Structure formats: structure tokens, C-alpha cells
Trainee: 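Dropping the structure in here first, questions after.
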Amino acid sequence: MPEGHSVHRLARQLDDVFAGEVLRVSSPQGRFTAGAALLDGRELLEATAHGKQLFARFAGEQILRVHLGLYGAFGFGGDQGFRGASSIGAPRRIGEKEAYDDGTPVAYDGPPEPVGHVRMRLVSEHGWADLRGPSVCEVLTVPEAEAVRGRLGPDPLGADTAAGEEEFLRRIGATGTVIAAALMNQALIAGVGNIYRAEALFRAGLDPWARGRDLPVPVVRRLWQDICALMADGVRDGRIITTRAPDRADPEAPVWPDHAYYTYQRQGQPCLICRTPIGLAELAARKLYWCPACQPRTGRSA
DNA sequence: CTAGCATGATCAC
DNA sequence: TGATCCTGCTAGC
């Protein structure tokens, strides 16, 4: 159940441990057998992310595209050098909750027998990665991969956040949908999910039902900039934390605060700012959390 | 133990 | 709008 920050961490991890390596690629589960055969024995050149989409470029113009969906996750394992190659702290799993190695040296005898439904297994000389439960795992040509990217909006974790801001402004200004729905539309902004959506709207004090095109330009700019900052923190921490330090129950515990969120899954509980009970609504088949007092309905909202 | 739900997105109707 | 994909966590027996 990853939002964009998890996929960016995953891309970094794959790049750290596999880039430049010739990989054995298989599908123990059997649902990716043909795709695995296209990649098997090729060098992984680079792994990148755009929003929630993961792209791994292999030699021979083969692009692996993975989307984790609701519950996809990668698991990693390998020898000491493999684990040390990770720049994000050698997690054993990336996708939903991440578990970290404690640094204890372990003997490495090659990958374990696949347990359960492993859609794809990548194996190098020094380590392995197992992919489970993705909504998409396929091999694309370069033009096909570019077409996928072309359908996505700007990524707050992309290299050029200034250009992304202008693009976000353009796309939000052109949509008639409410801002809470717009933030979940990957064609308008890529990588935001249900948590960042709810939390960014709260931090901006925005009515979730305000229409995108009705929002003042400076408000939309600040929203983009705040999402960029929040998601960059998420990549750094491996976890979504959106509460400002003074708003957490224990300011002395900045890394694992009691309250990581202002509104997400806090329906009925008091707002951390004004004590008003947090609201819950159904919007486009997803749950929307907001504070009715800090994010008052505006006249023109839908 | 089981049932229900979850940070997602597509497809059929 | 609802079903579906199909994993893992958690609340409740």
C-alpha cells in the first residue's frame, strides 16, 4: 500500500544493489514466466520511479514496469556486501511497512526456496529480490514505457520541482473536479495517495470539496511545495510523517511520534489543532478524512 | 483462528 | 458504481 515515496525508495534500493549486475530473472509463481524470460541473463542498467510507477531498464532495450498496487511489496536478502550496498538502510522489505536488518552478519547461501506467490525473483551473485502481489509486472519496449510516463502528471519527487509546479498549476487549473479527487488523479500529480492527499489538504487548511480551478494560484503553488517537502521527508524516513513537531504528543520523540497524521484514520478523534472531531467521507470509492473546522467548506465547493 | 480492511487502479456495466 | 486483482495486518472471537 505504498505511495510515491515508497516506490522512490524501492527504485533507489534496486539501483543500489543491482545496477550493473547481470541478473537471473524468474517467476516462481508462474504468472510472469514469459516476461522473466525476456529479462533473464541481462544486465540491469538503472531503476527509476515516476509517481507510483517503477521502471527498471535492462540491457537490450527491455523495460521492466512494476506497479505495487494496494499490497505489492519487494523483499530483499543477500550477503554482507549486498546489504551494505543499500543507501537506505538495508530494509528486508519495501512496499508497505518496511522491516530493517539489525546488522547482524548472516551466512548467505543463495536465495531461499520461494514461499507463497512470488511473482518475480531477481538474483545476482550476492543477493536476491522477491516481488509479491503487484498489480502490474510486465516488460515493455522503450516507446511503451514512454507512453506510460506520458500519461502521468508531474512527480513531486522528480528532479525538476520548479517545472513540476508549473505543470501542476496548469493541470489543476484545467480540472473541474474537487481538489481532493484531483490529488488522487495520477494524470494531474503522480505519487500522491490517500494519506498524502488528506494530510496535505489539512496542512493547507483547504476545503476538500473546493474545485481545483477555483483555488487561487498562490494556494495551489504552496500546496505543491508542501507535498514536495512532505514526500521528500517520506523518502528520507521510510515512513509518512506529516505532523509538525509541536503538534505531536511527544516533541522529544521526533522520529516515531505518537501522532504521525493530522487526519488520516483519525475519524471521530479530536483534531490535533482545534479538538473538533475529524470527519470521514466517501469520495470516489476512497475514504477522505478532514477537519470540518480547520478546513471549512467554502461557498463554491461541490 | 477468521473476517474485514488497507497507502491502488482498472474494467464492465 | 461495483467487482476484481490477491497480500498482510489487525480486531475480534
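Nothing here was measured: the structure is a model prediction, and the numbers come from that model. Chain letters run A, B, ... following the sequence lines, proteins first and then strands; every chain starts at 1. Scope of the values below: all heavy atoms of this structure, side chains included, with no hydrogens, waters or symmetry mates.
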Trainee: Starting from P on dA6(B), measure out to CZ on R286(A) and report it in whole angstrom.
Mentor: 9 Å

Trainee: State which of dG8(C), dA9(B), dA6(B) makes the closest approach to the side chain of Q186(A).
Mentor: dA9(B)

Trainee: Does the separation of the ring centres of H126(A) and Y108(A) fall below 6.0 angstrom?
Mentor: no

Trainee: In this structure, how many angstroms lie between the P atom of dT7(B) and the CE atom of M231(A), rounded?
Mentor: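 For the pair M231(A) CE and dT7(B) P, the rounded distance is 15 Å.
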
Trainee: For residues F202(A) and I273(A), determine if any side-chain heavy atom of one lies less than 4.5 Å from a side-chain heavy atom of the other.
Mentor: yes

Trainee: Y196(A) has an atom OH; how far is it from atom C1' of dT7(B), in whole Å?
Mentor: 9 Å

Trainee: Respond yes when some side-chain nitrogen or oxygen of H67(A) is under 4.0 Å from OP1 or OP2 of dG8(B), and no when none is.
Mentor: no

Trainee: Return no unless some side-chain N or O of K52(A) is found under 4.0 Å from OP1 or OP2 of dT7(B).
Mentor: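 The answer is no; no side-chain N or O of K52(A) sits under 4.0 Å from OP1 or OP2.
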
Trainee: Could you tell me how far apart Y264(A) (OH) and dG8(B) (P) are, to the nearest whole angstrom?
Mentor: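 Whole-Å distance recorded here is 8 Å.
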
Trainee: Calculate the interatomic distance between Y71(A) atom OH and dG4(B) atom C1'; express it in whole Å.
Mentor: 13 Å

Trainee: Measure CG/L70(A) against C1'/dC9(C) and give the value in whole Å, please.
Mentor: 13 Å

Trainee: Identify whether the distance between the nearest side-chain nitrogen and carboxylate oxygen of E43(A) and R57(A) falls below 4.0 Å.
Mentor: no

Trainee: Give me the distance, rounded to whole Å, that separates dT10(B) from dG8(C) when you measure between the P atoms they each carry.
Mentor: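 Roughly 23 Å separates the two P atoms.
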
Trainee: The side chain of Q29(A) is closest to which nucleotide in this list: dA9(B), dT7(C), dC9(C)?
Mentor: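 Closest nucleotide among those given: dT7(C).
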
Trainee: To the nearest Å, how far apart are R151(A) CZ and dT10(B) P?
Mentor: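 The answer, rounded to whole Å, is 8 Å.
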
Trainee: If you check the R132(A) side chain, which of dG8(C), dA6(B), dC9(C) turns out closest?
Mentor: dG8(C)

Trainee: Compare the minimum distances between each of dT7(B), dC9(C), dA6(B) and the side chain of K287(A), then state the nucleotide with the smallest one.
Mentor: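 Output: dA6(B).
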
Trainee: For the aromatic rings, using the six-membered ring if either is Trp, is the centroid distance between F82(A) and F18(A) under 6.0 Å?
Mentor: yes

Trainee: Quick one: I241(A) CD1 to dT7(B) C1', roughly how many Å, whole number?
Mentor: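 So the two atoms are 15 Å apart, to the nearest Å.
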
Trainee: Salt bridge check: are E98(A) and R9(A) linked by an N-O gap of less than 4.0 Å?
Mentor: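 Answer for the salt bridge query: yes.
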
Trainee: Taking the P atom of each, how far is dT7(B) from dA11(C), in whole Å?
Mentor: 15 Å

